[in-house]
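One structure is given here, and the rest of the page talks about it.
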Number of protein chains: 2
Amino acid sequence: MTKNIAVVLAGCGVYDGAEIHEATLTMLAIARNGARYQVFAPDVEQAHVVNHLTGKVTNEKRNVLVEAARIARGNINPLSKYKADDFDALVFPGGFGVAKNLCSFAFEGPACNVNPEVENAIRETAKLGKPIGALCISPVILAKVLGNIEITIGQDRGTASAIEKLGATHTPTTHGEIVIDKAHKIVTTPCYMLDATIDQIADGAENLIAALIKMA
Amino acid sequence: MTKNIAVVLAGCGVYDGAEIHEATLTMLAIARNGARYQVFAPDVEQAHVVNHLTGKVTNEKRNVLVEAARIARGNINPLSKYKADDFDALVFPGGFGVAKNLCSFAFEGPACNVNPEVENAIRETAKLGKPIGALCISPVILAKVLGNIEITIGQDRGTASAIEKLGATHTPTTHGEIVIDKAHKIVTTPCYMLDATIDQIADGAENLIAALIKMA
């Protein structure tokens, strides 16, 4: 049986959406592991739009689902349609959009809110004992929703400390490394939470997806 | 000596910009071949903006350089700064943006205009005898600028016929295959000009970049 993996995106672009390399290389890793994927995103307005040339916030308004559709080549579903029953695993690539659009961690830290559809997707998947993967900053959402889990976001002390406040355990890692929480079936990897090159992102995504599929 | 490859993007998103998987996987292939890259894009308004969820043209205005910066994580230069002297090879990932923003082929076919900075980049690189790679629909720009070259865009008869009208020779190919014009140092591969999966795009990008670096 071909494994079917749901990929949740937070927009399109590192500073206000999904990190494009992490999203693309997650999808590639799924395909190269002989599995298939369906992309999802919440149908909500982005927290803001960042000009990626200047790094400055603009006056534009963009929708997370509509922008994430760029990475998915139009083949995307609203996250409201996600059913954990239909998939073998759930994975969250990173990007600031995860901490801005999927939850408010970028603005409020550990006291953040999580988008209700994102929270439901995580809870339903965990309840069925199916594995969940998270790259880059995405593990903070899993910590916020699931609490006492073992994860990594790399080396950043501030984020690691916020994770510990949420009741999770943080293990420092470097390029391409993954942390597996076997009890909770959670796999995490730091990717661009480190100062990384694109081939190191590919390594992390490949290692994470291979471990995820093994548990699925 | 580490080879240095210039990557020219046409925006961010298959329907109005650079195809994101082709762009990302070109950059990955360069890194995995031990080379480095610098991303460029022309500082011009997009021909139009397409909502990638609905496929419909919207009323928005977006800039090719600003949107391409999303794929480049902000590390991008305006194409006006490109100097063929500074690079070992030049490569164009695909996407409709190539035929809409870098030239007008999507609207005018073989009678299209080419963005002057794109034309200069191609001419200067060819004049120095340095190799040029093109994925997906991008080979049409090379045909328009350079004329009598041997290229592939896969299997599409209409596009192949337009290429022949431009004085170039078209060789049909399938997934992951490349066509090498040794005399003119041109390497091309069809990617999403075929109904392809993301791992087939990675194969095409890897084969093209390996051949390009060998000639550089």
Side-chain angles (χ1 to χ4, degrees), chain A residues 11-37 41 43 49-56 58 60-78 95-97 192 196-203 205, chain B residues 11-37 41 43 49-56 58 60-78 95-97 192 196-203 205:
Chain A
C12 178
V14 54
Y15 297 124
D16 60 15
E19 208 296 311
I20 289 173
H21 304 177
E22 292 173 2
T24 300
L25 298 172
T26 295
M27 293 153 77
L28 176 64
I30 293 169
R32 286 210 159 152
N33 271 278
R36 59 199 166 97
Y37 57 82
D43 185 5
V49 177
V50 175
N51 176 317
H52 280 56
L53 186 63
T54 63
K56 293 198 176 132
T58 75
E60 290 171 85
K61 289 188 188 306
R62 297 188 186 182
N63 175 287
V64 174
L65 176 60
V66 169
E67 297 309 315
R70 293 179 173 271
I71 298 176
R73 297 171 48 81
N75 185 2
I76 191 166
N77 286 334
F96 278 97
Y192 281 123
T197 56
I198 194 168
D199 49 319
Q200 292 168 332
I201 303 307
D203 293 344
Chain B
C12 178
V14 54
Y15 297 123
D16 60 15
E19 208 297 311
I20 288 173
H21 305 176
E22 291 173 2
T24 301
L25 298 173
T26 296
M27 293 154 76
L28 176 64
I30 292 170
R32 286 211 160 151
N33 271 278
R36 59 199 166 97
Y37 57 81
D43 185 4
V49 177
V50 175
N51 176 317
H52 280 56
L53 186 63
T54 63
K56 294 198 175 132
T58 75
E60 290 171 86
K61 289 187 187 307
R62 297 188 185 183
N63 176 287
V64 175
L65 176 60
V66 170
E67 297 309 315
R70 292 179 174 271
I71 298 176
R73 298 170 48 81
N75 185 3
I76 192 166
N77 288 333
F96 277 97
Y192 280 124
T197 55
I198 193 168
D199 49 319
Q200 291 168 332
I201 303 308
D203 293 343

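Letters go in sequence order (proteins before strands), and every chain restarts at 1.
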**Q.** Side chain B:His21, main chain A:Ile71, donor-acceptor under 3.5 Å
**A.** yes

Q. Among A:Ile20, A:Ile198, A:Thr54, which residue forms the greatest number of heavy-atom pairs with chain B at distances under 4.5 Å?
A. A:Ile198

Q) chain A heavy atoms under 4.5 Å from B:Asp43: which part of the residue, side chain, backbone, both or neither? A) neither

Q) Under a 4.5 Å heavy-atom cutoff, which of A:Ile201, A:Leu28, A:Val14 has the most pairs with chain B? A) A:Leu28

(Q) If I compare all heavy atoms of B:Arg73 with all of A:Tyr15, which pair ends up nearest, and what's the gap? (A) O-OH, 3.5 Å

Q) Under a 4.5 Å heavy-atom cut-off, does chain B meet the side chain of A:Arg62, its backbone, both or neither? A) side chain

Q) Which heavy atom of B:Arg70 sits nearest a heavy atom of A:Asp16, and at what distance? A) NH1-OD1, 2.8 Å

**Q.** More than 12 heavy atoms from other groups under 6.0 Å of CZ on A:Phe96
**A.** no

(Q) Once rounded to the nearest 0.5 Å, what's the spacing between atom CD of A:Glu22 and atom OG1 of B:Thr24? (A) 11.0 Å

Q) Would A:Thr197 and B:Met27 satisfy side chain to side chain contact (heavy atoms under 4.5 Å, CB included), going step by step from the backbone distance to the final call? A) CA-CA 10 Å; A:Thr197 56; B:Met27 293 154 76; over 6 Å; no

**Q.** Side chain / backbone / both / neither for A:Glu19 at chain B, heavy atoms under 4.5 Å
**A.** side chain

**Q.** Residue, of B:Cys12, B:Ala29, B:Gly13, that accumulates the most heavy atom pairs under 4.5 Å with chain A
**A.** B:Cys12

Q: Calculate, to the nearest 0.5 Å, the distance between atoms CG and CG belonging to B:Asp199 and A:Asn33 respectively.
A: 10.5 Å

Q. If you round to the nearest 0.5 Å, how far is CG of B:Asn51 from CG of A:Leu65?
A. 8.5 Å

